[in-house]
Amino acid sequence: MRFFAVAAALFTVVSAETFTVLVGENGGLTYTPESVVAQVGDTVAFRFLSKNHTVTQSTFAKPCEPLTTPTIGIDSGFQAVPAGATEFPEWSFTVEDDKTPFWFFCNQAPHCARGMVFAVNPTAEKTFDAFKATAIGGTAPAAPGGSAPGTGTSANPTGTGASGSDSPAPTNNGARMVSGNGAALLVTLGLVAGLVL
Ligand SMILES: *[C@@H]1O[C@H](CO)[C@@H](O)[C@H](O)[C@H]1NC(C)=O
Ligand SMILES: [Cu+2]
């Protein structure tokens, strides 16, 4: 019995996957890939390659507005990358619910309205294409002034590469945020999952 429990736990650890998403590849307003199908325990890691983008949680209905209710969504904050940079900021979260889709956008206006959106586990009813179409269709995109409610600005927008020392420390109720080991921020999509769409 005990043996099987341990074996199962080991398997879970070993089988967890990390999806790397490139943000602003070739200077584009893009996430590459645009969506991933992830399981509980998987990590979605964003690598910011250019410009000054965010990964900000939103909703299917309002792709370009930060999620604020019932809880504040997770947010990478602005990650600025100087031209010619050789180190790139990273930010990641771990999926703790794979029965619910999660929706994201770039909170740098007007990137979302130009289709800079991302999803984890879109469904047959709520497809990525529909989400993106709504974003481009442009219902009142994003945050005038740039700073999303509750998130504060990025603690480290100066592009010191992967050494992002401080987390933006958003006040998530359901998401737990911890510092990665000197590199990426690690965010856990927690109980918020069940409450959001
Ligand atoms: C990144 O964009 C935000 C929002 O527009 C802005 O407040 C911030 O100053 C920018 N950072 C840099 C380093 O340009
Ligand atoms: Cu952007």
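Ligands are counted one by one from 1 in listed order, and the atoms in each one are counted from 1 as well.
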Rounded to the nearest 10°, what angle sits at the Cu ion (ligand 2) between SG of C106 and ND1 of H53? 130°
Give the atom name of whichever N/O/S atom in H111 sits closest to the Cu ion (ligand 2). ND1
Side chain D42, main chain T18, donor-acceptor under 3.5 Å: no
For atom 11 (N) of ligand 1, which candidate among N107, N52, T54, V81 provides the closest heavy atom? N52
Of all the atoms in ligand 1, which lie at a distance below 4.0 Å from a heavy atom belonging to A80? 12 (C), 13 (C)
Is the distance between the SG atoms of C112 and C106 less than 2.5 Å? no
Report yes or no: does Q108 contribute a side-chain atom to a donor-acceptor pair with the main-chain N or O of N52 at less than 3.5 Å? yes
Rounded to the nearest 0.5 Å, what separation is found between the OG1 atom of T59 and the CZ atom of F102? 13.0 Å
Is it true that some N/O/S atom of C112, main chain or side chain, lies under 2.8 Å from the Cu ion (ligand 2)? no
For P63, is there any backbone N or O sitting under 3.5 Å from a side-chain donor or acceptor partner on S58? yes
